[in-house]
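Below, chain A is the first sequence line, B the second, and so on; all start at residue 1.
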Amino acid sequence: MSDFSQRLIAWQAVHGRHNLPWQVSDPYRVWLSEIMLQQTQVATVIPYYQQFLERFPDVASLAAASSDDVLARWSGLGYYSRARNLHKAAQMVMERFEGQFPRTPALLAELPGVGPSTAAAIAAFSFGAQAAILDGNVKRVLARWAGISGYPGTKVVERELWQLATNLLPNTGIERYTQSLMDLGATICTPKKPACMACPVQADCIARQQGRQAELPTPKPKKVSPERQTVLMMVERGGKILLERRPPSGIWGGLWSLPEASSTLDASNACQQRFGLNVEFDSAGEDFVHVFTHFRLTITPLPGSVINQTALTHEDHLGWFSKAEALELGLPTPVRKLLMK
DNA sequence: AATTCGGGGCT
DNA sequence: AGCCCAGAATT
């Protein structure tokens, strides 16, 4: 049983990934990579990671940055609460932990954006702590190897997987073992068509013995994703466009976005009410669909020009930007696409 | 305990 | 057109 970890460690040494840019012992770099990699694939993260490190080479520089600067570097990666929490956590490391990352999973998990699995990964990679991770890769590997059925998002199944992950930990070599689980899930024990013949634990894998690789882990029960609709107003005045900073929570929290209207008919009224602007709108652009995890958003772009300004609006969450200036901001992807056209 | 957070890559 | 990804915070 304990030989599970030894087989994985031996396999990783030969067949694992060894050249990922965050495979270092600097806890700042490990932490940054783990946050970026939450629900995000390695290939997507790499360019963001490198640019982010150039701009914020250490935790002190990140803590001292403005939130606009941090969000701008995150723009396009998604799950923007990660960027807000990252910034807060950097400040917490500076103030509460005197610039040094804490060394235990429990303390690491007190940083915003660091949950149980991420805390364990940071502690294992940076400090060699005996801590179990449980990300999507590990859930799949363990559910198949141990033949655990049931959707891992439910509490019962998740508890069972955590228990198993903890029981399987090796006494030594935690860094390579942790990496081996991620590597196996990413390269061999893949969601579809796993390469079982190349797997170091194929001999005692329950899913393989029972031919249930395609059924495990049990998929999330699917629901129809609702449709939503919005109008994004592209209000121009003297070569600049009006952007609005979104509230800190909810969709696209904290990002700069085109102001929304509930309908094309309401746009003119909305500009008058909210911005004190008399705007003449052109005909609407072509609708396009932006897909989120849990709903589909149909966007109607609506260009318009300011006729006159009836009230002074010097609000902190509003701004006029040239196209070039706007593209430097933290923007949601569909807004970025609209501005680039 | 279930839902809410993005976006891209892959099949 | 779905599915999945080095999940956590919120409700």
- Item | Least distance between heavy atoms, Leu169(A) atom then Ile174(A) atom |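 For Leu169(A) and Ile174(A), the tightest heavy-atom pair comes out as CD2-CD1, 3.6 Å.
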- Message: Which heavy atom of Leu164(A) sits nearest to which heavy atom of Ala146(A), and what is that distance?
- Response: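 In terms of heavy atoms, the two residues are closest at CD2-CB, 3.5 Å.
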With a non-hydrogen cut-off below 4.0 angstrom, is [X] in contact with a base, only sugar-phosphate, or nothing?
X         : answer
Pro112(A) : sugar-phosphate
Gly185(A) : nothing
Trp22(A)  : base
Gln179(A) : base
Arg336(A) : nothing

- Message: Surrounding CD of Glu328(A) (heavy atoms of other residues, nucleotides or ligands, distance under 6.0 Å), is the total greater than 12?
- Response: no
- Give a yes or no on whether Asn308(A) atom CG has more than 12 heavy-atom contacts from other residues, nucleotides or ligands under 6.0 Å away.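 Count over threshold, so yes.
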Whole angstroms only, please: what is the [atom1]-[atom2] distance between [X] and [N]?
X         : N       : atom1 : atom2 : answer
Leu86(A)  : dG7(C)  : CG    : C1'   : 15 Å
Arg82(A)  : dA6(C)  : CZ    : C1'   : 11 Å
Ile188(A) : dA6(C)  : CD1   : P     : 14 Å
Lys220(A) : dG7(C)  : NZ    : C1'   : 12 Å
Leu77(A)  : dG7(C)  : CG    : P     : 13 Å
His294(A) : dA8(C)  : NE2   : C1'   : 14 Å
Lys193(A) : dC10(B) : NZ    : P     : 14 Å
Arg84(A)  : dG7(C)  : CZ    : P     : 19 Å

- Any donor-acceptor pair under 3.5 Å from His87(A) side chain to Arg82(A) backbone: no
- Task: Taking Arg144(A) for its side chain and Gln213(A) for its backbone only, find out whether a donor-acceptor pair lies under 3.5 Å.
- Result: yes
Cationic N near anionic O, under 4.0 Å, [X] to [Y]:
X         : Y         : answer
Arg73(A)  : Glu54(A)  : no
Arg29(A)  : Asp58(A)  : no
Asp135(A) : Lys139(A) : no

- Report yes or no: is there a donor-acceptor pair, N or O only, under 3.5 Å between the side chain of Thr40(A) and the base of dG6(B)? yes
- Item | Residues in contact with DNA chain C, drawn from residues 120-139 of chain A - heavy-atom cutoff 4.0 Å |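 Asp135(A), Gly136(A), Asn137(A) - these, ordered by number, are the residues of the stretch whose heavy atoms sit under 4.0 Å from the strand.
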- Which of these, Ser263(A), Ser268(A), Ser262(A), sits in a side chain to side chain donor-acceptor pair (under 3.5 Å) with Asp266(A)? Ser262(A)
- Message: Any donor-acceptor pair under 3.5 Å linking the side-chain atoms of Glu280(A) with those of Ser305(A)?
- Response: no
- Query: Closest nucleotide of DNA chain C for Asn85(A) versus for Asp183(A): which of these residues is on the 5' side?
  - Reply: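 The residue mapped nearer the 5' terminus is Asp183(A).
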- Pro116(A) or Pro191(A), whichever maps to the more 5' nucleotide of DNA chain C: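 The residue whose closest nucleotide sits nearer the 5' end is Pro191(A).
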Hey, is the side chain of [X] poking within less than 4.0 Å of OP1 or OP2 on [N], counting only N and O atoms?
X         : N      : answer
Thr333(A) : dG7(B) : yes
Gln39(A)  : dG7(C) : yes
His290(A) : dG7(B) : yes
Tyr80(A)  : dG7(B) : yes

- 5' precedence on DNA chain B between Arg159(A) and Thr44(A) (nearest-nucleotide basis):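 Residue closer to the 5' terminus by nearest nucleotide: Arg159(A).
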- Quick one, which residues of residues 246-261 of chain A touch DNA chain B with a heavy atom under 4.0 Å? Gly250(A), Ile251(A), Trp252(A)
- Message: Between dT3(B) and dA6(C), how far apart are the two P atoms, rounded to whole Å?
- Response: 24 Å
- Taking atom P in both dG6(B) and dT10(C), what distance in whole Å separates the two? 14 Å
